[in-house]
Amino acid sequence: MLVHAIPTNVTYDFALDVRAGLTQPDQKELPSKYLYDDVGSALFEVISHLPEYGLTRADERLLRRHASEIVDRVAGPVSVAELGSGSGRKTRYLLEAFCRRQRTSYYPVEISHSALVMCERELSDIESISIVGFEREYLDGLLEVAAYRKPGHHLCVLFLGSTIGNFDRTAGIRFLSDVRNILKPGDSLLLGTDLEKPHSQLIRAYDDELGVTAAFNLNLLARANRELGSDFDLSKFVHTAKVNPEARSVEMHLESTCRQTVDIPASEIKVEFAAGETIWTESSHKYSADEIDGIARRAGFRCEVQWIDEQWPFAENLLIAE
Ligand code: TRP
(Lines give C-alpha, C1' and ligand atoms only; values in the text may rest on other atoms or scores of the structure.)
Protein backbone atom coordinates (compact mmCIF):
# COMPACT_ATOMS: atom_id res chain seq x y z
CA MET A 1 0.00 0.00 0.00
CA LEU A 2 1.13 3.47 -0.78
CA VAL A 3 0.81 5.56 2.35
CA HIS A 4 1.10 9.21 1.44
CA ALA A 5 3.30 11.26 3.72
CA ILE A 6 1.75 14.11 5.68
CA PRO A 7 3.22 17.47 4.80
CA THR A 8 2.14 19.13 8.04
CA ASN A 9 3.95 18.92 11.35
CA VAL A 10 1.58 16.93 13.57
CA THR A 11 3.35 17.69 16.84
CA TYR A 12 3.32 21.40 16.10
CA ASP A 13 -0.42 21.31 15.29
CA PHE A 14 -1.03 19.37 18.50
CA ALA A 15 0.90 21.99 20.52
CA LEU A 16 -1.15 24.81 18.97
CA ASP A 17 -4.50 23.03 19.40
CA VAL A 18 -3.69 22.22 23.04
CA ARG A 19 -2.85 25.86 23.61
CA ALA A 20 -6.09 27.05 21.97
CA GLY A 21 -8.23 24.49 23.79
CA LEU A 22 -6.81 24.90 27.28
CA THR A 23 -6.80 28.70 27.24
CA GLN A 24 -10.55 28.92 26.51
CA PRO A 25 -12.14 31.33 29.02
CA ASP A 26 -14.98 28.97 29.98
CA GLN A 27 -15.03 25.28 29.16
CA LYS A 28 -11.52 23.94 28.48
CA GLU A 29 -11.40 21.48 25.60
CA LEU A 30 -9.10 19.25 23.56
CA PRO A 31 -9.93 18.07 20.02
CA SER A 32 -10.89 14.40 19.99
CA LYS A 33 -8.82 13.61 16.89
CA TYR A 34 -5.74 13.56 19.14
CA LEU A 35 -7.16 10.58 21.05
CA TYR A 36 -6.02 8.33 18.20
CA ASP A 37 -2.24 8.04 18.44
CA ASP A 38 -0.82 4.49 18.41
CA VAL A 39 -1.75 3.87 22.06
CA GLY A 40 -5.21 5.45 21.67
CA SER A 41 -5.99 3.50 18.48
CA ALA A 42 -5.04 0.25 20.23
CA LEU A 43 -7.23 1.15 23.24
CA PHE A 44 -10.16 2.00 20.98
CA GLU A 45 -9.78 -1.40 19.34
CA VAL A 46 -10.20 -2.92 22.84
CA ILE A 47 -13.25 -0.70 23.53
CA SER A 48 -14.89 -2.13 20.41
CA HIS A 49 -14.73 -5.61 22.01
CA LEU A 50 -16.20 -4.56 25.39
CA PRO A 51 -19.63 -6.01 26.20
CA GLU A 52 -20.91 -2.56 27.25
CA TYR A 53 -19.94 -0.92 23.93
CA GLY A 54 -22.18 -2.60 21.37
CA LEU A 55 -21.77 0.08 18.70
CA THR A 56 -18.90 -1.38 16.66
CA ARG A 57 -20.34 -4.90 16.74
CA ALA A 58 -23.75 -3.61 15.58
CA ASP A 59 -22.03 -1.77 12.73
CA GLU A 60 -20.12 -4.91 11.81
CA ARG A 61 -23.22 -7.15 12.01
CA LEU A 62 -25.16 -4.89 9.65
CA LEU A 63 -22.32 -4.74 7.15
CA ARG A 64 -21.85 -8.51 7.27
CA ARG A 65 -25.56 -9.27 6.89
CA HIS A 66 -26.38 -6.72 4.22
CA ALA A 67 -23.14 -6.41 2.24
CA SER A 68 -24.52 -7.76 -1.05
CA GLU A 69 -27.73 -5.76 -0.73
CA ILE A 70 -25.72 -2.57 -0.09
CA VAL A 71 -23.46 -3.23 -3.08
CA ASP A 72 -26.50 -3.92 -5.30
CA ARG A 73 -27.84 -0.46 -4.43
CA VAL A 74 -24.58 1.33 -5.32
CA ALA A 75 -24.21 2.14 -9.02
CA GLY A 76 -21.00 0.76 -10.53
CA PRO A 77 -18.26 0.85 -11.59
CA VAL A 78 -17.25 2.29 -8.25
CA SER A 79 -14.21 3.31 -6.23
CA VAL A 80 -14.59 3.13 -2.45
CA ALA A 81 -13.21 5.75 -0.05
CA GLU A 82 -13.43 5.27 3.69
CA LEU A 83 -13.19 8.17 6.14
CA GLY A 84 -11.53 6.87 9.32
CA SER A 85 -10.91 3.26 8.33
CA GLY A 86 -9.57 2.13 11.71
CA SER A 87 -8.32 -1.45 11.53
CA GLY A 88 -10.51 -2.12 8.47
CA ARG A 89 -11.98 -5.27 10.00
CA LYS A 90 -15.65 -4.42 9.51
CA THR A 91 -15.11 -3.05 6.00
CA ARG A 92 -13.98 -6.48 4.75
CA TYR A 93 -17.54 -7.74 4.11
CA LEU A 94 -18.42 -4.77 1.94
CA LEU A 95 -15.16 -4.80 0.02
CA GLU A 96 -15.46 -8.52 -0.66
CA ALA A 97 -18.93 -7.90 -2.08
CA PHE A 98 -17.71 -4.96 -4.21
CA CYS A 99 -14.74 -6.99 -5.49
CA ARG A 100 -16.96 -9.96 -6.39
CA ARG A 101 -18.80 -7.58 -8.72
CA GLN A 102 -15.68 -6.09 -10.28
CA ARG A 103 -12.11 -5.05 -9.54
CA THR A 104 -12.33 -2.25 -6.95
CA SER A 105 -9.99 0.47 -5.71
CA TYR A 106 -10.21 1.13 -1.99
CA TYR A 107 -8.90 4.39 -0.52
CA PRO A 108 -8.79 4.43 3.29
CA VAL A 109 -8.36 7.97 4.70
CA GLU A 110 -7.01 7.86 8.23
CA ILE A 111 -4.95 10.14 10.50
CA SER A 112 -3.53 7.24 12.48
CA HIS A 113 -0.50 5.76 10.72
CA SER A 114 -0.69 2.52 12.69
CA ALA A 115 -4.41 2.10 11.88
CA LEU A 116 -3.62 2.53 8.16
CA VAL A 117 -0.91 -0.11 8.33
CA MET A 118 -3.25 -2.50 10.22
CA CYS A 119 -6.00 -1.85 7.69
CA GLU A 120 -3.74 -2.73 4.78
CA ARG A 121 -2.58 -5.91 6.51
CA GLU A 122 -6.18 -6.89 7.23
CA LEU A 123 -7.59 -6.33 3.74
CA SER A 124 -4.83 -6.87 1.19
CA ASP A 125 -5.70 -10.57 0.71
CA ILE A 126 -9.10 -9.71 -0.84
CA GLU A 127 -9.14 -10.77 -4.46
CA SER A 128 -9.36 -8.01 -7.10
CA ILE A 129 -8.72 -5.15 -4.67
CA SER A 130 -6.19 -2.34 -4.96
CA ILE A 131 -5.55 -0.30 -1.82
CA VAL A 132 -4.09 3.20 -1.66
CA GLY A 133 -4.09 4.69 1.82
CA PHE A 134 -4.08 8.40 2.63
CA GLU A 135 -2.66 9.55 5.94
CA ARG A 136 -4.83 12.63 5.97
CA GLU A 137 -7.73 14.42 7.62
CA TYR A 138 -11.10 13.36 6.19
CA LEU A 139 -11.88 16.13 3.72
CA ASP A 140 -8.27 16.61 2.55
CA GLY A 141 -8.05 12.87 1.91
CA LEU A 142 -11.40 12.75 0.13
CA LEU A 143 -10.39 15.64 -2.13
CA GLU A 144 -7.32 13.66 -3.18
CA VAL A 145 -9.36 10.53 -3.75
CA ALA A 146 -11.78 12.52 -5.92
CA ALA A 147 -8.82 13.77 -7.95
CA TYR A 148 -7.97 10.11 -8.66
CA ARG A 149 -11.51 9.39 -9.95
CA LYS A 150 -11.41 7.26 -13.09
CA PRO A 151 -13.64 8.43 -15.97
CA GLY A 152 -17.14 6.96 -15.66
CA HIS A 153 -16.54 5.73 -12.10
CA HIS A 154 -18.79 6.53 -9.18
CA LEU A 155 -17.42 7.17 -5.71
CA CYS A 156 -18.86 5.40 -2.72
CA VAL A 157 -17.79 7.01 0.57
CA LEU A 158 -17.95 5.00 3.79
CA PHE A 159 -18.36 6.95 7.01
CA LEU A 160 -19.03 4.17 9.48
CA GLY A 161 -19.01 3.65 13.23
CA SER A 162 -21.07 6.77 13.96
CA THR A 163 -18.14 9.19 13.73
CA ILE A 164 -20.72 11.69 12.45
CA GLY A 165 -22.02 11.69 16.05
CA ASN A 166 -18.82 13.36 17.20
CA PHE A 167 -19.92 16.56 15.45
CA ASP A 168 -22.75 18.56 16.97
CA ARG A 169 -25.87 18.44 14.78
CA THR A 170 -25.19 21.67 12.87
CA ALA A 171 -21.52 20.86 12.27
CA GLY A 172 -22.54 17.33 11.21
CA ILE A 173 -24.79 18.70 8.47
CA ARG A 174 -22.04 21.09 7.40
CA PHE A 175 -19.58 18.19 7.23
CA LEU A 176 -21.98 16.10 5.13
CA SER A 177 -22.46 19.10 2.79
CA ASP A 178 -18.68 19.40 2.46
CA VAL A 179 -18.52 15.72 1.51
CA ARG A 180 -21.43 16.22 -0.92
CA ASN A 181 -19.60 19.09 -2.61
CA ILE A 182 -16.67 16.81 -3.41
CA LEU A 183 -19.04 14.19 -4.91
CA LYS A 184 -21.09 14.06 -8.12
CA PRO A 185 -24.81 13.30 -8.42
CA GLY A 186 -25.39 9.55 -8.16
CA ASP A 187 -22.33 8.99 -5.92
CA SER A 188 -23.12 7.49 -2.55
CA LEU A 189 -22.31 7.80 1.14
CA LEU A 190 -22.84 4.91 3.52
CA LEU A 191 -23.32 6.60 6.88
CA GLY A 192 -23.34 4.83 10.27
CA THR A 193 -25.40 6.47 13.01
CA ASP A 194 -25.78 5.31 16.59
CA LEU A 195 -29.42 5.60 17.66
CA GLU A 196 -30.91 6.89 20.91
CA LYS A 197 -31.04 4.43 23.77
CA PRO A 198 -31.64 4.48 27.55
CA HIS A 199 -29.30 6.82 29.44
CA SER A 200 -28.03 4.07 31.74
CA GLN A 201 -26.97 2.00 28.72
CA LEU A 202 -25.19 5.01 27.21
CA ILE A 203 -23.29 5.73 30.41
CA ARG A 204 -22.12 2.12 30.67
CA ALA A 205 -21.00 2.24 27.02
CA TYR A 206 -18.86 5.31 27.64
CA ASP A 207 -17.64 4.51 31.16
CA ASP A 208 -17.00 0.78 31.21
CA GLU A 209 -16.32 -1.30 34.28
CA LEU A 210 -12.77 -2.27 33.30
CA GLY A 211 -11.74 1.32 32.82
CA VAL A 212 -10.61 0.95 29.20
CA THR A 213 -12.60 4.02 28.09
CA ALA A 214 -11.11 5.95 31.02
CA ALA A 215 -7.61 4.89 29.90
CA PHE A 216 -8.47 5.86 26.31
CA ASN A 217 -9.55 9.34 27.37
CA LEU A 218 -6.66 9.84 29.86
CA ASN A 219 -4.21 8.81 27.13
CA LEU A 220 -4.80 12.26 25.66
CA LEU A 221 -2.98 13.76 28.66
CA ALA A 222 -0.33 11.02 28.55
CA ARG A 223 0.18 11.85 24.87
CA ALA A 224 0.66 15.52 25.74
CA ASN A 225 3.26 14.45 28.31
CA ARG A 226 5.04 12.31 25.70
CA GLU A 227 4.92 14.75 22.82
CA LEU A 228 4.72 18.21 24.37
CA GLY A 229 6.79 17.67 27.51
CA SER A 230 3.86 18.56 29.78
CA ASP A 231 3.59 17.38 33.38
CA PHE A 232 -0.05 16.22 33.66
CA ASP A 233 -0.30 13.98 36.76
CA LEU A 234 -2.73 11.33 35.48
CA SER A 235 -3.67 10.31 39.02
CA LYS A 236 -5.20 13.77 39.47
CA PHE A 237 -7.66 13.53 36.57
CA VAL A 238 -10.65 11.23 36.17
CA HIS A 239 -12.69 10.26 33.13
CA THR A 240 -16.38 11.20 33.23
CA ALA A 241 -19.25 10.50 30.83
CA LYS A 242 -22.57 12.33 31.16
CA VAL A 243 -25.70 12.47 29.08
CA ASN A 244 -26.70 15.87 27.69
CA PRO A 245 -30.45 15.39 27.08
CA GLU A 246 -30.93 18.65 25.11
CA ALA A 247 -28.10 17.87 22.71
CA ARG A 248 -29.03 14.15 22.76
CA SER A 249 -25.37 13.32 23.29
CA VAL A 250 -22.95 11.73 25.70
CA GLU A 251 -20.21 14.15 26.75
CA MET A 252 -16.79 12.89 27.72
CA HIS A 253 -14.64 14.97 30.04
CA LEU A 254 -11.41 14.71 32.02
CA GLU A 255 -12.02 16.13 35.48
CA SER A 256 -9.31 17.62 37.66
CA THR A 257 -9.70 16.15 41.16
CA CYS A 258 -7.88 19.03 42.87
CA ARG A 259 -6.62 22.54 42.32
CA GLN A 260 -3.45 22.25 40.25
CA THR A 261 -1.21 23.89 37.65
CA VAL A 262 0.09 22.03 34.61
CA ASP A 263 3.10 23.16 32.61
CA ILE A 264 2.98 22.51 28.85
CA PRO A 265 6.34 23.71 27.46
CA ALA A 266 5.74 23.00 23.75
CA SER A 267 2.50 25.03 23.89
CA GLU A 268 4.24 27.72 25.96
CA ILE A 269 1.51 27.76 28.62
CA LYS A 270 0.92 26.95 32.26
CA VAL A 271 -2.68 25.95 32.86
CA GLU A 272 -4.55 26.32 36.14
CA PHE A 273 -7.28 23.87 37.04
CA ALA A 274 -9.81 24.35 39.83
CA ALA A 275 -10.92 21.24 41.74
CA GLY A 276 -13.77 19.68 39.72
CA GLU A 277 -12.96 21.67 36.57
CA THR A 278 -13.10 19.60 33.37
CA ILE A 279 -11.56 19.36 29.92
CA TRP A 280 -14.20 18.42 27.36
CA THR A 281 -12.70 15.85 24.96
CA GLU A 282 -15.57 14.38 22.93
CA SER A 283 -19.31 14.30 22.44
CA SER A 284 -21.17 11.42 20.86
CA HIS A 285 -24.55 12.47 19.46
CA LYS A 286 -27.34 9.94 19.11
CA TYR A 287 -30.00 10.00 16.40
CA SER A 288 -33.51 8.78 15.78
CA ALA A 289 -33.82 6.68 12.64
CA ASP A 290 -36.52 9.05 11.32
CA GLU A 291 -34.42 12.18 11.34
CA ILE A 292 -31.69 10.87 9.02
CA ASP A 293 -33.48 11.57 5.73
CA GLY A 294 -34.07 15.21 6.77
CA ILE A 295 -30.40 15.61 7.67
CA ALA A 296 -29.36 13.96 4.41
CA ARG A 297 -31.58 16.29 2.38
CA ARG A 298 -30.19 19.40 4.05
CA ALA A 299 -26.74 18.24 2.94
CA GLY A 300 -27.71 17.51 -0.67
CA PHE A 301 -28.31 13.77 -0.39
CA ARG A 302 -31.40 11.59 -0.06
CA CYS A 303 -31.57 8.58 2.23
CA GLU A 304 -32.23 5.62 -0.06
CA VAL A 305 -32.27 2.75 2.45
CA GLN A 306 -31.71 2.20 6.15
CA TRP A 307 -30.67 -1.01 7.88
CA ILE A 308 -31.19 -1.14 11.66
CA ASP A 309 -29.59 -3.66 14.03
CA GLU A 310 -31.95 -5.64 16.26
CA GLN A 311 -29.62 -6.05 19.22
CA TRP A 312 -28.10 -2.56 19.56
CA PRO A 313 -30.01 0.42 18.12
CA PHE A 314 -27.73 1.49 15.29
CA ALA A 315 -28.48 2.37 11.66
CA GLU A 316 -26.54 2.02 8.44
CA ASN A 317 -27.92 4.66 6.04
CA LEU A 318 -27.27 4.65 2.30
CA LEU A 319 -27.34 8.26 1.10
CA ILE A 320 -27.31 9.13 -2.60
CA ALA A 321 -25.95 12.48 -3.82
CA GLU A 322 -28.67 14.48 -5.61
N1 TRP B 1 -16.20 8.56 18.95
C2 TRP B 1 -16.57 7.22 19.28
C3 TRP B 1 -17.98 7.19 19.87
O4 TRP B 1 -18.57 8.20 20.01
C5 TRP B 1 -15.44 6.68 20.06
C6 TRP B 1 -15.45 6.66 21.55
C7 TRP B 1 -15.89 5.62 22.28
C8 TRP B 1 -14.98 7.65 22.49
N9 TRP B 1 -15.68 5.89 23.61
C10 TRP B 1 -15.14 7.09 23.77
C11 TRP B 1 -14.40 8.92 22.39
C12 TRP B 1 -14.74 7.81 24.92
C13 TRP B 1 -14.01 9.61 23.55
C14 TRP B 1 -14.16 9.05 24.81
O15 TRP B 1 -18.55 6.18 20.15
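The structure presented is a predicted model; accordingly, all values stated were derived computationally and were not measured. Whatever order the structure lists them in is the order used to number ligands and atoms, beginning at 1.
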Return the protein residues near ligand 1 (heavy atom under 4.0 Å from any of its atoms), ordered by chain and residue number.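 Ligand 1 is contacted, at a heavy-atom distance under 4.0 Å, by L35, Y36, F44, Y53, L55, N166, Y206, T213, F216, M252, E282, S284.
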
Test item: side-chain donor near acceptor, Q260 and S256, under 3.5 Å: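 A pair is found: one side chain offers a donor N or O, the other an acceptor, under 3.5 Å apart.
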
Whether the Y106 and S130 side chains hold a donor-acceptor pair (N or O, under 3.5 Å, no angle test) is what I'd like checked.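 Result is no, nothing qualifies.
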
Quick one: list whatever passes side chain to side chain contact (heavy atoms under 4.5 Å, CB included) with H285, sequence neighbours left out. D168, R169, A247, S249, S283, Y287

Sequence neighbours excluded and cut-off under 3.5 Å, please list the side-chain donor-acceptor pairs for residues 91-101, or say none.
| residue | atom | partner | partner atom | Å |
| --- | --- | --- | --- | --- |
| T91 | OG1 | E82 | OE1 | 2.8 |
| T91 | OG1 | E82 | OE2 | 3.3 |
| R92 | NH1 | E96 | OE2 | 2.9 |
| R92 | NH2 | E122 | O | 2.5 |
| R92 | NH2 | D125 | OD1 | 2.7 |
| R101 | NH1 | V71 | O | 3.0 |
| R101 | NH1 | V74 | O | 2.9 |
| R101 | NH2 | V74 | O | 3.1 |

When the ring planes of F44 and F216 are compared, do they come out parallel, tilted or perpendicular, using 30° and 60° as the limits? tilted

Residue pairs, two or more places apart or on separate chains, that pass side chain to side chain donor-acceptor pair (under 3.5 Å) and touch residues 217-231: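 Sorted pair list: D37-N219, D37-R226, N217-H239, N217-T281, N219-R226, R223-E227, N225-S230.
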
